[in-house]
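These notes are about the structure you will find just below.
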Amino acid sequence: MRLWGSRMKKEPDEEVTSFTTSVMDDYVLYPFDVWGSAAHCMMLERVGLLEGTESAAILEGLRTIMRELTEGTIDPSSHEDIHSLVESRLHELIGETAGKLHAGRSRNDQIVLDERLFLREAMVTVGHEITTLLHALLDKAVTYPKLVMPGYTHLQPAQPVLFSHHMMAYFAMFRRDAERLRDALPRVNILPLGAAALAGTNLPIDRAETARFLAFPTVQGNSMDIVADRDFILEVVGHCALAALHLSRLAEEIVLWVSPGFGFLEIDDAFTTGSSIMPQKKNPDVAELIRGKSGESVSGWLSLAVTLKGLPLTYNRDLQQDKAPMFRVMREVTDSLHLAARLVDHITLREDTIARALQEGFLTATDIAEYLVEQGIPFRKAHSLVGALVRDLASQGRTLAELRKEDLASVSEGFYEDILVFSDPAQSVERKRSYGGTAPGEVARQVQEGRMFIEREEERFAELRLQWKKSFMKIFPGEEDVMRG
Ligand code: ARG
């Protein structure tokens with residue numbers, strides 16, 4: 001049956017109903033929808049649009065609905081969306097008074113309210129999972145403080161680096177993801193309710209009051225923008241998709257490093273899977289799926305972007321399509337981050353294989369060239385002298401570790417005996433003391449800064465969560481668990 005649409009003479013066509021219904025997608029927003037209704041009700045009472053007895057009845061009804069929805073005793077499928085479900089159930093529970101709640105609001109501002117309340121929680125969840133991963137990366141870095149390994153460019157052996165430096169590179173990457181989410185929060189954490197359909201309302205509502213009940217620090221300022229705006233979702237989903245892409249890079253390296261060609265890593269058996277036919281197999285499926293699922297996050301962003309493209313102001317029903325990708329990306333990124341952190345916890349380095357790989361690829365050639373620069377030889381000249389040396393060694397099947405004094409003399413008189421020290425990978429790493437380089441002291445600095453970042457970030461999340469929870473619990477005591485969905 002139609003709840004609204006009093007001007008229509010006919011009931012909607014069945015297929016139209018099923019085509020336009022969104023309740024199975026937006027049902028999960030119920031804690032936020034009911035909370036938003038309660039805040040709106042309390043505001044209406046403050047400004048004199050509801051009697052105290054009316055608002056008490058509405059709030060009591062909303063508390064009952066919150067419990068029923070959590071316990072799953074309401075069948076959502078016969079409703080159009082979460083807003084109509086709550087409104088019609090309220091009617092059943094308290095009768096006519098329920099009809100007073102929808103004064104000064106519309107489903108157009110209600111839906112963005114629900115989405116903003118959902119998204120700020122989901123952002124904190126993702127942020128928390130990022131810090132869990134940061135923890136895991138940092139722990140792995142400090143477990144192997146002195147381990148030197150080949151660093152790669154073009155996937156070709158390039159220069160020796162500390163394994164911990166490599167881990168801290170990922171730390172820096174995911175730290176930026178956390179920072180981006182934090183930067184986006186003020187654009188999400190802002191009250192939309194009170195735009196009504198698009199123009200505002202004649203009624204004397206107090207939006208600042210509603211904002212206080214919902215722990216929003218600010219109120220959005222243009223009613224048309226409020227109901228048309230979805231860039232807050234696109235922005236956050238974009239940041240999450242980027243985090244997913246970062247995860248796919250980490251996952252790819254784990255897949256590479258665990259393959260016999262590299263053999264740098266061992267994954268704990270509990271984090272691997274076997275083959276149905278090949279008994280010898282131990283596959284890194286967790287890493288592969290993290291890599292694979294990143295595609296869905298990017299496609300979620302794309303789907304939202306295309307939904308927004310070319311939409312005229314203000315609300316258009318197209319916008320209903322924003323929820324499925326938003327939910328999917330937030331869930332998937334949360335899960336992938338969580339599993340990635342646990343995967344990092346479950347890897348062990350194969351130091352013997354890494355030590356062997358260090359001997360190949362003439363990794364310290366640049367160190368020798370830089371040594372010559374320190375002796376006053378122009379870098380380009382040094383580059384070609386060392387290039388010739390490498391060519392000779394390579395043609396004899398020898399490595400830089402096997403360099404002898406005679407080899408140096410044959411290339412140039414500019415080579416000095418102490419150059420042999422420079423072909424040692426550990427020495428090479430030790431000398432990379434430029435700010436941000438791979439020297440142990442520089443990595444220790446990154447680790448220290450990293451620890452401080454994690455601590456601050458966790459405090460911030462805890463503070464935000466507590467603030468939101470307190471406001472929610474004032475109206476719905478005992479229901480705090482529903483917030484995390
Ligand atoms: N289900 C709708 C959505 O998700 C809610 C807003 C509907 N507004 C309307 N005027 N039909 O966008």
Side-chain angles (χ1 to χ4, degrees), residues 1-8 10-37 39-40 65 69 74-90 99 101-122 188 191-201 210 214 220 223-234 236-237 300 303-331 485:
M1 226 225 354
R2 281 192 202 278
L3 250 195
W4 311 287
S6 352
R7 65 163 290 175
M8 267 79 88
K10 291 184 185 168
E11 285 298 310
D13 179 283
E14 239 174 67
E15 279 187 38
V16 169
T17 302
S18 90
F19 192 69
T20 54
T21 292
S22 62
V23 72
M24 295 325 272
D25 279 334
D26 55 38
Y27 176 68
V28 296
L29 291 172
Y30 80 83
F32 309 109
D33 199 77
V34 179
W35 184 17
S37 289
H40 185 65
I65 296 172
L69 286 166
I74 302 181
D75 171 19
S77 62
S78 58
H79 299 272
E80 184 184 326
D81 56 27
I82 185 62
H83 325 299
S84 49
L85 182 154
V86 172
E87 191 172 334
S88 65
R89 181 67 187 134
L90 194 61
L101 180 60
H102 211 58
R105 72 170 189 184
S106 133
R107 285 188 296 161
N108 297 353
D109 56 354
Q110 254 189 294
I111 188 59
V112 270
L113 170 67
D114 295 4
E115 290 180 316
R116 284 176 183 279
L117 289 170
F118 162 83
L119 200 56
R120 74 180 186 184
E121 280 286 338
V188 175
L191 176 88
L193 204 67
L198 79 161
T201 172
T210 317
L214 295 167
Q220 220 176 338
S223 60
M224 294 180 78
D225 174 49
I226 289 173
V227 294
D229 169 19
R230 292 296 184 278
D231 56 49
F232 68 100
I233 302 179
L234 193 62
V236 171
V237 164
S303 143
L304 276 165
V306 177
T307 301
L308 285 187
K309 183 186 175 300
L311 273 193
L313 292 182
T314 55
Y315 179 80
N316 298 277
R317 195 64 180 267
D318 315 42
L319 293 174
Q320 181 164 290
Q321 296 305 110
D322 63 353
K323 276 165 287 297
M326 171 176 76
F327 293 146
R328 197 179 69 222
V329 174
M330 300 311 285
R331 164 103 337 258

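Both ligands and their constituent atoms are indexed starting at 1 by order of listing.
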Sorted by chain and number, sequence neighbours left out, salt bridge (charged side-chain N to carboxylate O under 4.0 Å, His left out) with R116 holds for D229

With sequence neighbours excluded, give me every salt bridge (charged side-chain N to carboxylate O under 4.0 Å, His left out) pair touching residues 319-330.
E115-K323, R230-D322, E296-R328

Can you list every salt bridge (charged side-chain N to carboxylate O under 4.0 Å, His left out) pair that touches residues 23-36, not counting sequence neighbours?
none

Side-chain donor or acceptor of N108 paired with backbone N/O of A197 under 3.5 Å:
yes

Looking at E80 and R317, does any basic side-chain N land under 4.0 Å from a carboxylate oxygen?
yes

Polar pairs, ligand 1 vs protein, N/O only, below 3.5 Å.
from	atom 1	to	atom 2	distance (Å)
ligand 1	1 (N)	S22	OG	3.2
ligand 1	1 (N)	D81	OD2	3.4
ligand 1	1 (N)	Q320	OE1	2.8
ligand 1	4 (O)	K323	NZ	2.6
ligand 1	8 (N)	N108	OD1	2.9
ligand 1	10 (N)	N108	OD1	3.1
ligand 1	12 (O)	Y315	OH	2.5

Looking only at side-chain N and O atoms, does Q110 offer a donor or acceptor that is under 3.5 Å from a partner on R107?
no

